Amino acid sequence: MIKAVGIVDCNSFYASCEKIFRPELADKPVVVLSNNDGIVIALSQEAKKCGIKRGSPLFKIKDLVKRYNVQVFSSNYALYGDISQRVFSLVDSIVPDMEIYSIDEAFINFTNVNLDLAQFCRNLRMKIHKGVGIPTSIGIAKTKTLSKIANKIAKNDASLRGVCDISNMADISSILKRVPVDDIWGVGWKHSERLRKSGIETAYDFSRANEKWVKKHMTVQGLRTLYELQGKPCIDLSTAVPAKQSILSSRSFGRIIRSKEEILEAVASYTARAAEKMRKQSSAANLLYVFLRTNPFNQTRQYHNGVQIPLPVPTSATSELLSYAAAGVEQIYREGFDYQKAGIMLSGLVPCNLDQFAMFDPEDRQKLKTVTVVMDEINKKMGRNTLFYAAAGVKKPWDMRREFESPHYTTRWKDLPGVKAE
DNA sequence: TCTGGGGTCCTAGGACCC
DNA sequence: TCTGGGGTCCTAGGACCC
């Protein structure tokens with residue numbers, strides 16, 4: 001039996017998405033910023049060559065942007081989500097079995113497949129590039145963790161033409177010796193520091209580390225990573241998309257906010273978004289968590305606080321959640337702070353459609369259901385926030401900055417790219 | 001002036017029960 | 001008032017990912 005797993009990873013995904021509709025940017029440096037145009041979260045190969053790093057605040061790279069004429073974009077998640085769907089529905093139509101892992105990555109199951117995997121994957125890449133316009137890299141190995149390592153090699157070695165297959169290699173120790181511990185999937189900043197202190201510098205060292213020590217300091221998750229590096233699969237491929245267990249909606253404000261009224265509006269708007277996401281997966285929440293905080297990077301007086309509110313009956317109705325969220329804000333808000341961020345989290349999610357209702361329930365659920373369904377339908381058809389609750393405010397002084405936003409080419413009718421008639 | 005947002009998994013420790 | 005082990009359930013917080 002052949003046991004192999006592949007990972008398809010879109011190169012510089014957000015930056016590549018922006019390039020699709022702007023062919024003249026094909027070989028130009030492009031960066032994409034976080035919400036509020038704060039830091040760089042994605043950058044094209046060309047931008048990397050200019051010396052720009054992921055995570056840099058925009059104000060710190062202003063000079064480089066100017067000198068190299070770097071194209072700057074605010075993040076446009078509607079566009080990225082749509083392109084992602086196109087990429088992976090194409091992949092899904094070609095491969096035997098896959099698991100979407102993130103917006104720009106999917107694992108492929110090659111167990112019991114009799115194919116020249118490298119050749120198959122080179123074809124797959126080509127089809128994605130031709131069909132959607134996104135460049136990808138593919139790594140193939142015996143386990144997920146090793147496939148991530150192979151993927152990195154594919155990205156960095158042009159002679160491999162985007163695909164690296166190490167699934168058949170009898171001895172991969174020479175490869176593992178070249179991978180620093182902090183490049184291992186599942187080993188983050190904290191653990192790599194501790195590992196280095198114990199003399200474990202590379203993936204090879206880690207694969208031979210003491211199991212008890214690893215379990216003690218890195219829990220069973222660390223142990224799984226260790227086995228995976230040894231070629232023993234421990235992290236399953238799960239092709240079904242599991243329902244989310246919690247849903248978070250939070251934002252830094254476009255500017256400092258002091259008044260309770262504006263916080264209430266912002267939180268109401270986040271609540272509406274979270275509730276919408278929750279209904280999309282047919283869940284209802286048992287628990288609502290609201291938090292707000294000042295900017296931890298500033299020297300100003302700090303205040304972080306949050307409150308958990310148990311909901312008497314699991315619900316997904318926006319109007320109902322709004323009133324609990326507002327009560328939460330009332331509880332934790334203190335006058336006299338420069339607030340920078342707020343958010344809400346819905347958790348204790350249970351499967352539920354709006355047809356169900358509890359006995360002894362004070363709310364008129366039939367009415368709530370009708371209102372909610374109609375609003376969701378209209379917003380889906382006409383664009384987000386066509387209909388919204390007044391509690392979310394109209395002026396939105398707290399809304400994020402997006403100075404460099406690209407048009408919503410694929411998700412907003414009026415932004416469809418035009419074709420000029422001759 | 002300016003530093004993202006949205007998730008998951010795991011464990012330790014407290015509350016509570018018998 | 002003091003004494004004890006053992007079990008379950010829940011939550012906060014840490015670590016990780018993209």
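To find a chain, count down the sequence lines: A is the first, B the second, and so on, and within it residues start at 1. All values derive from a computational prediction rather than experimental measurement.
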### Query
Is the closest basic N to carboxylate O distance between A:E228 and A:K148 below 4.0 Å?
no
### Summary
So CD1 of A:I138 and OG of A:S147: to nearest 0.5 Å the spacing works out to 11.0 Å
What donor-acceptor contacts under 3.5 angstrom involve side-chain atoms of residues 186-194 of chain A, with partners at least two apart or in another chain?
| residue | atom | partner | partner atom | Å |
| --- | --- | --- | --- | --- |
| A:S192 | OG | A:G188 | O | 3.1 |
| A:S192 | OG | A:W189 | O | 3.1 |

### Query
Can A:E330 and A:K260 be counted as an ion pair, charged N to O under 4.0 angstrom?
yes
### Message
Heavy-atom count check: over 12 atoms from other residues, nucleotides or ligands less than 6.0 Å from A:R196 CZ?
### Response
yes
### Query
Ignoring hydrogens and geometry, is there a side-chain-to-backbone donor-acceptor pair from A:R178 to A:A203 under 3.5 Å?
no
Donor-acceptor list for residues 249-257 of chain A side chains, cut-off 3.5 Å, not counting sequence neighbours:
| residue | atom | partner | partner atom | Å |
| --- | --- | --- | --- | --- |
| A:S249 | OG | A:Y270 | O | 3.4 |

### ring pair (Phe, Tyr, Trp, His ring centres under 6.0 Å) involving A:Y303 - partner list, sequence neighbours excluded
A:F337
### Query
Which word best sums up how the rings of A:Y80 and A:Y14 line up, parallel for under 30°, tilted for 30 to 60°, or perpendicular for over 60°?
parallel
### Message
Quick check against the 3.5 Å criterion: does A:K144 have a side-chain atom that pairs as donor or acceptor with the backbone of A:D236?
### Response
yes
### All ring pair (Phe, Tyr, Trp, His ring centres under 6.0 Å) counterparts of A:F206, not counting sequence neighbours
none
### Span that lies between the P atom of B:dT3 and that of C:dC18, in whole angstrom
24 Å
### Task
Output the residues of residues 246-257 of chain A in contact with DNA chain B, where contact means a heavy atom of the residue under 4.0 Å from an atom of the strand; sort by number or write none.
A:S246, A:I247, A:L248, A:S249, A:S250, A:R251, A:S252
### Task
Dot-bracket notation for DNA chain C is requested: 5' to 3', Watson-Crick or G-U wobble pairs only, both distances under 3.5 Å, with ( ), [ ], | and . as defined.
....||||||||||||||
### Query
By a strict heavy-atom criterion of less than 4.0 Å, which residues belonging to residues 30-60 of chain A are in contact with DNA chain B?
A:S34, A:N35, A:G38, A:I39, A:R54, A:F59
### Message
Please list, in numerical order, the residues of residues 187-212 of chain A that have a heavy atom closer than 4.0 Å to any atom of DNA chain C.
### Response
A:V187, A:G188, A:W189, A:K190, A:H191
### Message
I need the residues from residues 215-228 of chain A with at least one non-hydrogen atom less than 4.0 Å from DNA chain B; give them sorted by number, or say none.
### Response
A:T219, A:V220, A:Q221, A:R224
### No-hydrogen, no-angle side-chain donor-acceptor test under 3.5 Å, A:D37 and A:S74
yes
Quick one: side chains of residues 47-73 of chain A, donor-acceptor pairs under 3.5 Å with protein atoms, not counting sequence neighbours, listed by atom name and distance.
| residue | atom | partner | partner atom | Å |
| --- | --- | --- | --- | --- |
| A:R54 | NH1 | A:I41 | O | 2.9 |
| A:S56 | OG | A:K53 | O | 2.8 |
| A:Q71 | NE2 | A:N69 | O | 3.4 |

### Task
Would you mind classifying the nucleic acid contact of A:K62 as base, sugar-phosphate or nothing, using non-hydrogen atoms under 4.0 angstrom?
nothing
### Message
Check A:D338 with A:R258, please: is the shortest side-chain N to carboxylate O separation under 4.0 Å?
### Response
yes
### Message
Once you apply a heavy-atom cut-off of 4.0 Å, does A:I184 come out as touching a base, just sugar-phosphate, or nothing?
### Response
sugar-phosphate
### Task
Can you sort out the partners of A:D376 under side-chain contact (heavy atoms from CB on, under 4.5 Å), two or more places apart, ordered by chain and number?
A:E276, A:R279, A:T372
### Query
Distance-only, no hydrogens or angles: does the A:K142 side chain make a donor-acceptor pair with backbone N or O of A:A4 under 3.5 Å?
no
### Message
Tell me whether A:D157 contacts the main-chain N or O of A:I153 through its side chain, where contact means a donor paired with an acceptor under 3.5 Å.
### Response
no
### Task
Under 4.0 Å between any heavy atoms, over every strand shown, what does A:F13 touch: base, sugar-phosphate, or nothing? Just pick one.
nothing
### Query
Within a radius of less than 6.0 Å around NZ of A:K152, do more than 12 heavy atoms belonging to other residues, nucleotides or ligands occur?
no
### Heavy-atom contact window of chain A on DNA chain C, given 5' to 3' at under 4.0 Å
C:dA12 to C:dC18
